[in-house]
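Data first, discussion second: the structure below is written as structure tokens.
Sequential numbering from 1 along the given sequence is applied to the chain's residues. What you see is a predicted model; the values in this text were computed from it and never measured.
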Amino acid sequence: MSVQPPPPYEATPPSAPPPAQTPPIRTTPTEPRNYGSYGTQQSAVNATTADLLRKQEELERKARELERRERELDSHARGTGSSRQNNWPPLPSFCPVGPCFYQDINVEINQRFQRTVTIMYYFWMFSAGTLIFNLISCLALFCVDVQNGVGLGLAILWLVLFTPCSFVCWYRPVYKAFRSDSSFNFFAFFFIFFAQVILYVIMTIGIPGWGFSGWIVGLYALKKKVAVGVIMLLNAVLFTAQAAMGVVMLKKVHSLYRQTGASFQKAQAEFATEVFSNQAVRQAAANATASAAQEAFTGAR
């Protein structure tokens, strides 16, 4: 048996190692691509800083205003009644009659209500101006129709009567209501000003012979003389605007009244306190009680 030699050795070349696999880069969908983020953040910081500075300046301005008002209120509170002199109406020094009221909206009225009280003051001035123009209109109608003498006389009466009475009866109550949060003055204003608005509507209608240059009288005067009719119709337009503004301001004050702590119960308590603290009322009650006691003692004898 013959033995064959083994096959020759063949060296196999080493195989290259497999390439290393790098894990894929995954981008989170919630991460935005950060292009130009530095400039955006810097502008946002600048805007925030400017807004904070503006708010700080506004707060400092309000603080200075509150400090000024507190100093003025303290000076008024420390002073006697004679030191706070009346300043309305602003009359000249040579006038024998002095001012009757003290009024300073910027000092006495809360900043929330200053705008409303100021509008009411200008509205009162507008009402007085319409009454003056009403007198001029009635005078013009009297020049072309002498039978309108009664209307002219009533126009003079309304001007003399309504101008001071409206200031005392509805403007001063609304001023004092917002000044001291007085429930009684709120209700006094609502009652009187509601009647005033009804009167404004009557003025707008212009019933002949009532002394108001409303629409009816204006159309009548237009047939007499065109120029006089135009004057009276212009007065009717002013009366219409006055009535509309009166309704708007009545609703405005009522909405502000509901935001305050005023109520009908507080109004009753304020009225009772005011009545019993009045020296004249207390003296009259004491006299009535003494008279009743004396009559009862005399009758018993």
Side-chain angles (χ1 to χ4, degrees), residues 58 61-62 65-66 68-70 72-73 76 84 86-91 99-136 158-205 212-214 234-263 266-267 270:
E58 185 177 356
R61 181 182 58 81
K62 290 183 178 181
E65 179 67 19
L66 289 175
R68 182 187 66 83
R69 291 190 60 196
E70 287 179 359
E72 292 177 350
L73 290 174
H76 289 315
R84 196 179 72 170
N86 296 332
N87 58 0
W88 200 96
L91 299 174
C100 303
F101 306 99
Y102 177 81
Q103 174 175 299
D104 194 338
I105 297 177
N106 294 327
V107 173
E108 292 192 315
I109 306 300
N110 191 303
Q111 193 172 7
R112 288 177 55 199
F113 311 126
Q114 287 182 7
R115 176 180 171 82
T116 302
V117 176
T118 303
I119 293 175
M120 291 300 297
Y121 178 66
Y122 288 140
F123 179 68
W124 172 80
M125 295 178 65
F126 176 75
S127 302
T130 56
L131 289 175
I132 295 174
F133 193 76
N134 177 68
L135 175 60
I136 297 174
W158 303 145
L159 174 62
V160 175
L161 180 64
F162 289 154
T163 301
C165 288
S166 59
F167 184 87
V168 174
C169 294
W170 61 259
Y171 172 71
R172 286 298 296 177
V174 75
Y175 181 90
K176 292 188 289 186
F178 284 117
R179 181 187 64 186
S180 56
D181 194 17
S182 172
S183 301
F184 175 75
N185 283 291
F186 268 119
F187 279 93
F189 166 77
F190 290 140
F191 178 76
I192 299 172
F193 195 71
F194 180 76
Q196 182 75 59
V197 170
I198 295 176
L199 184 60
Y200 288 156
V201 175
I202 296 175
M203 292 179 180
T204 304
I205 296 173
F212 299 130
S213 302
L234 180 58
N235 204 157
V237 171
L238 294 177
F239 278 151
T240 305
Q242 179 179 252
M245 189 64 180
V247 174
V248 171
M249 293 310 300
L250 183 62
K251 294 180 65 176
K252 176 67 174 177
V253 174
H254 184 263
S255 64
L256 293 176
Y257 154 77
R258 298 182 65 179
Q259 298 176 14
T260 62
S263 64
K266 290 183 179 180
E270 289 177 10

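- A search for ring-ring contact (aromatic ring centres under 6.0 Å, His included) contacts involving Phe101 returns Phe167, not counting sequence neighbours.
- Ala236 and Gly214 make their closest contact through CB-C, 3.6 Å (heavy atoms, listed as atom of the first residue, atom of the second, distance).
- To the nearest 0.5 Å, atoms CZ (Phe239) and OG (Ser213) are separated by 6.0 Å.
- The local environment of OH in Tyr122 is sparse, with at most 12 non-hydrogen atoms from other residues, nucleotides or ligands closer than 6.0 Å.
- We find the CG-CZ distance between Asn110 and Arg179 to be 13.5 Å, quoted to the nearest 0.5 Å.
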Original post:
Does the side-chain contact (heavy atoms from CB on, under 4.5 Å) test come out yes or no for Asn86 and Cys100, once each step is laid out?
Top reply: CA-CA 6 Å; Asn86 296 332; Cys100 303; 5.5 Å; no
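- Taking all atoms of both residues into account, the shortest heavy-atom contact from Pro173 to Ala188 is CB-CB, 4.5 Å.
- The minimum heavy-atom distance linking Tyr171 with Val174 is given by the pair O-CG1, 3.0 Å.
- Put simply, CD on Glu108 and CD on Gln103 are 8.5 Å apart, with the number rounded to the nearest 0.5 Å.
- Judged as a side chain to side chain contact (heavy atoms under 4.5 Å, CB included), and not counting sequence neighbours, the contacts of Arg115 are Ile119.
- Applying the side chain to side chain contact (heavy atoms under 4.5 Å, CB included) test to Thr240 and every residue at least two apart in sequence or in another chain returns Thr204, Trp215.
- Listed by chain and residue number, Trp124, Ala128, Leu131, Leu159 satisfy the side chain to side chain contact (heavy atoms under 4.5 Å, CB included) test with Thr163 (two or more places apart in sequence, or in another chain).
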Donor-acceptor pairs are to be reported for all side-chain atoms of residues 245-254 against protein atoms at under 3.5 Å, with residues two or more places apart or in another chain.
none

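- Not counting sequence neighbours, the partners of Leu199 by the side chain to side chain contact (heavy atoms under 4.5 Å, CB included) test are Phe162, Gln196, Met203, Phe212.
- Among residues two or more places apart in sequence or in another chain, the side chain to side chain donor-acceptor pair (under 3.5 Å) test is passed with Gln242 by Ser127, Thr130.
- Nearest heavy-atom pair across Asn185 and Lys176 is OD1-CE, 3.6 Å.
- One distance of note links CH2 of Trp158 with CG of Asn134; it measures 10.5 Å at 0.5 Å rounding.
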**OP:** Kindly determine whether Tyr175 and Ile105 satisfy side-chain contact (heavy atoms from CB on, under 4.5 Å), including the steps that lead there.
**Re:** CA-CA 8 Å; Tyr175 181 90; Ile105 297 177; 3.8 Å; yes
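- Applying the ring-ring contact (aromatic ring centres under 6.0 Å, His included) criterion to Phe189, with sequence neighbours excluded, gives Phe193.
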